[in-house]
Number of protein chains: 2
Amino acid sequence: MSDGEASRRPTVYDVAEAAQVSIASVSFAFRRPDKLSDGTRQRVLDAARRLGYAPSAAARGLARGRTGTLGLHAFDLLLERADPLSETRPLVGLQSPRLDTDSVIEWGETDDDVLADPRAFPLYVDEVQRGFELECWSLGRPVMLSSGSSSDVSVADTAGRVDGLAIFPSPQTAPTLARYAPTIPIVLFSVAPADDPHHRVRVDNARGMSDLVDHLVDAHGVDDVAFVGRPEASDTVERFAGLVAASEARGIRSRLDPVDATVRGDDELVPQLRAMIAEGRMPRALVCATDQHAFATMDALAAEGLRVPDDVIVTGFDGTLAARLTDPPLTTVRQPMEAMGRAAARILAGTAGAAPADGRPFDVVFAPRLVVRATCGCR
Amino acid sequence: MSDGEASRRPTVYDVAEAAQVSIASVSFAFRRPDKLSDGTRQRVLDAARRLGYAPSAAARGLARGRTGTLGLHAFDLLLERADPLSETRPLVGLQSPRLDTDSVIEWGETDDDVLADPRAFPLYVDEVQRGFELECWSLGRPVMLSSGSSSDVSVADTAGRVDGLAIFPSPQTAPTLARYAPTIPIVLFSVAPADDPHHRVRVDNARGMSDLVDHLVDAHGVDDVAFVGRPEASDTVERFAGLVAASEARGIRSRLDPVDATVRGDDELVPQLRAMIAEGRMPRALVCATDQHAFATMDALAAEGLRVPDDVIVTGFDGTLAARLTDPPLTTVRQPMEAMGRAAARILAGTAGAAPADGRPFDVVFAPRLVVRATCGCR
DNA sequence: TTGTAAGCGTTATCAG
DNA sequence: CTGATAACGCTTACAA
């Protein structure tokens with residue numbers, strides 16, 4: 001416990017010396033207890049405990065060639081969340097109260113009031129991440145979380161730390177990833193199939209849109225819809241296409257030009273909606289690409305004095321927790337996020353069963369589910 | 001890309017050979033770009049890119065003596081959450097839909113309906129964890145997440161993988177931890193101060209209880225309270241003591257025997273409450289140890305036909321998201337969870353400023369905040 | 001500016 | 001059953 005002495009992490013050598021055995025025996029005591037006599041094993045274990053020995057994962061990883069951990073990497077997305085206010089309201093160091101003091105840190109120094117916004121957490125990715133974590137833990141594997149911008153350095157870093165990597169991709173992700181394909185197994189969330197070696201876990205967006213349109217038409221007599229969101233990520237593209245296809249199938253009108261509401265910079269949303277109102281182009285229903293888009297849309301509509309659902313119907317996609325908390329509560333299409341996260345973990349851990357035909361990657365598709373609340377006009 | 005060939009992860013040696021340089025140059029190309037001529041560096045980087053080279057974190061960790069990652073470990077708690085239904089309703093393999101098929105996985109196979117319960121996620125720990133993650137990412141450090149039972153093997157394992165470890169302790173954690181103290185810095189969440197070398201991040205429970213009691217007395221004329229929860233974790237102990245002290249200070253009656261509702265097995269709660277009703281011992285307010293306890297209490301009260309807040313006032317502690325979703329919404333005391341997670345990360349990363357006097361560990365205490373909703377009788 | 005070589009702490013293969 | 005000893009892939013003096 002004295003200062004200069006104990007600071008170095010004890011190694012097999014230290015334990016071996018303390019227990020009067022070879023380093024091999026120390027290793028065996030932990031990894032192959034059966035190959036050691038009871039006495040020796042006990043001696044080693046005691047010494048280890050006494051010294052506070054924790055095997056170095058780095059060394060083990062090196063020797064074994066595998067780290068034992070599974071990784072989850074998120075591009076952009078999470079980083080943006082890390083600073084949800086950067087554009088809206090710059091934080092003047094609020095998020096970093098001084099810690100090197102003896103006094104209690106007052107509430108006002110913590111930002112909690114702004115940061116605890118349910119629209120910011122938990123998001124779609126958070127619920128998927130949770131499923132991933134839970135599955136990993138039940139498999140006894142630690143999880144490595146990382147996040148980074150589109151620059152690939154952080155993925156490479158993470159790729160070097162794990163035995164398999166699940167990824168929430170950004171639209172530009174593909175090229176970066178191709179590189180690590182042969183190296184470790186990779187699971188992509190919510191990316192349309194393509195001719196690459198990555199596994200996929202995704203949701204049937206077309207079906208979700210179809211179910212949604214059916215409800216709008218059958219229950220509310222909707223005959224005119226518009227899509228809110230920019231079709232750039234493959235998820236969003238599929239949803240837009242799905243809406244158009246479903247509208248066509250039901251013989252209702254749908255706009256071919258989506259209302260382009262980027263979630264982050266939704267400042268353009270109000271002008272766009274205002275123009276639609278002025279020009280009499282406002283449809284009966286605004287079908288949003290994600291719940292986040294729906295929140296922004298509802299805010300914008302409120303700013304224009306339009307009531308939901310009386311004047312305009314609004315729907316979301318994802319089924320996040322925050323969708324239950326809007327006023328009125330949001331009708332949306334929910335993805336089975338925890339199950340998706342678990343699926344990714346099982347694929348990477350090799351507990352997902354036999355891979356599909358002839359070594360092709362997994363492409364696991366989940367059915368989404370329509371969650372009817374109040375913004376469509378129900379109740 | 002051919003199968004047998006590319007499966008091994010490329011190493012410095014492979015890159016060195018491909019780029020016609022020494023392994024040292026490969027390393028320098030990434031770590032000390034300035035020490036290399038532009039030409040060589042470019043050649044190395046190209047080769048690395050071509051081969052899909054990702055430096056092995058294990059090897060780097062070994063060579064450098066630090067892994068660069070920060071860890072977060074949860075005892076019990078999270079494992080229990082991993083299987084929230086194990087006692088209530090055994091899952092017959094539902095949580096593991098077959099993945100090795102070509103067909104879409106239907107909703108009914110995913111468990112989502114039960115697993116998406118906001119009372120199960122996000123919990124207190126999840127919000128703290130998120131703060132930890134966000135801070136780590138903004139510091140450019142990956143996060144290692146692990147979970148385990150009280151058996152110490154998993155902590156030891158995690159301790160060997162990280163440069164610093166934050167821990168949600170279980171009541172029996174202390175002895176296990178003492179061992180790793182000299183090895184890596186450790187932050188304990190929500191643990192009362194003691195004479196050990198660990199850092200602490202916690203909330204001022206006494207103040208939270210005091211604020212709560214003040215409100216109950218001043219706004220609702222409450223003169224009689226009881227505590228629901230088992231005072232075993234130091235957090236709960238402090239809250240119970242805080243309630244008793246605050247009641248005394250305000251001159252109101254408080255029971256010295258807490259209603260013992262374990263969150264997991266809350267089956268005893270109904271009988272206990274029933275007995276209190278029968279014997280006329282039901283107080284005006286039930287002050288619960290955590291939000292989770294409050295949920296269980298509200299359920300139990302409803303089962304007995306008692307109305308909240310008219311017949312009994314109920315309050316929680318933590319301020320989780322789920323507390324906004326009860327009917328009526330729960331009055332509770334919120335902890336600044338994200339800020340707490342961030343604080344832990346900064347302490348471990350060494351960006352928390354100078355440690356307190358003479359090398360003693362950090363003991364960061366946050367002020368909680370009373371969140372008044374409807375279960376206390378407001379509105 | 002580039003190359004050589006010595007660790008880093010395990011695991012695993014052989015001998016004894 | 002136990003002990004030497006050679007990898008494992010990288011970083012980093014130190015040489016060239």
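Note that these values count all heavy atoms, side chains included, but never hydrogens, waters or copies made by symmetry. Just so it is clear: chains get the letters A, B, ... in the order the sequence lines come, proteins before strands, and each one is counted from 1.
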Asks: Taking A:Ala24's backbone N and O only, do any of them form a donor-acceptor pair with A:Ser27's side chain (distance below 3.5 Å, no angle check)?
Replies: no
Asks: Should the ring pair A:Phe362 and A:His199 be called parallel, tilted or perpendicular, given that the plane angle runs from 0 to 90° and is split at 30 and 60?
Replies: tilted
Asks: Rounded to whole angstroms, how far apart are CZ on B:Phe28 and C1' on C:dT4?
Replies: 11 Å
Asks: In terms of the nearest nucleotide of DNA chain C, which residue is placed more toward the 5' end: B:Ala24 or A:Phe30?
Replies: B:Ala24
Asks: Salt-bridge test for B:Asp126 and B:Arg130: reply yes if a basic N is under 4.0 Å from a carboxylate O, no otherwise.
Replies: no
Asks: Figure out the CZ/P separation between A:Arg66 and C:dT11, and round it to whole Å.
Replies: 12 Å
Asks: So B:Ser27, base contact, sugar-phosphate only, or nothing? Heavy-atom distance under 4.0 Å.
Replies: base
Asks: Does A:Ser56 have a side-chain nitrogen or oxygen under 4.0 Å from the phosphate oxygens OP1 or OP2 of C:dG9?
Replies: no
Asks: Taking B:Val191's backbone N and O only, do any of them form a donor-acceptor pair with B:Arg200's side chain (distance below 3.5 Å, no angle check)?
Replies: yes
Asks: Near A:Arg98 CZ, under 6.0 Å, is it more than 12 heavy atoms from other residues, nucleotides or ligands?
Replies: no
Asks: First and last nucleotide of DNA chain D touching chain B, 5' to 3', heavy-atom cut-off 4.0 Å?
Replies: D:dG9 to D:dT12
Asks: Take the C1' atoms of the five end pairs on each side of the helix from C:dT1-D:dA16 to C:dG16-D:dC1, get both axes, and report the angle to 10 degrees.
Replies: 40°
Asks: Aromatic ring centroids of A:Tyr53 and A:Phe30 under 6.0 Å?
Replies: yes
Asks: Mind checking if B:Val26 touches a base, just sugar-phosphate, or nothing, with heavy atoms under 4.0 Å?
Replies: nothing
Asks: Heavy atoms within less than 4.0 Å of DNA chain C: which residues of residues 31-40 of chain B have one? Give them sorted by number.
Replies: B:Lys35, B:Leu36, B:Ser37, B:Thr40
Asks: Keeping the roles fixed (side chain from B:Arg342, backbone from B:Glu133), state whether a donor-acceptor pair exists under 3.5 Å.
Replies: no
Asks: Side chain of B:Asp163, backbone of B:Thr67: donor and acceptor closer than 3.5 Å?
Replies: yes
Asks: Given atom CZ of B:Arg41 and atom C1' of C:dT2, what is their separation to the nearest angstrom?
Replies: 14 Å
Asks: Identify whether the distance between the nearest side-chain nitrogen and carboxylate oxygen of A:Arg41 and A:Asp38 falls below 4.0 Å.
Replies: yes
Asks: Any side-chain to backbone donor/acceptor pair from B:Asp14 onto B:Thr11? Under 3.5 Å, distance only.
Replies: yes
Asks: Nearest-Å distance, OH (B:Tyr13) to P (C:dG3)?
Replies: 14 Å
Asks: Figure out the CZ/P separation between A:Arg64 and C:dG9, and round it to whole Å.
Replies: 18 Å
Asks: For A:Arg161, is there an ion pair with A:Asp157 - N to carboxylate O distance below 4.0 angstrom?
Replies: yes
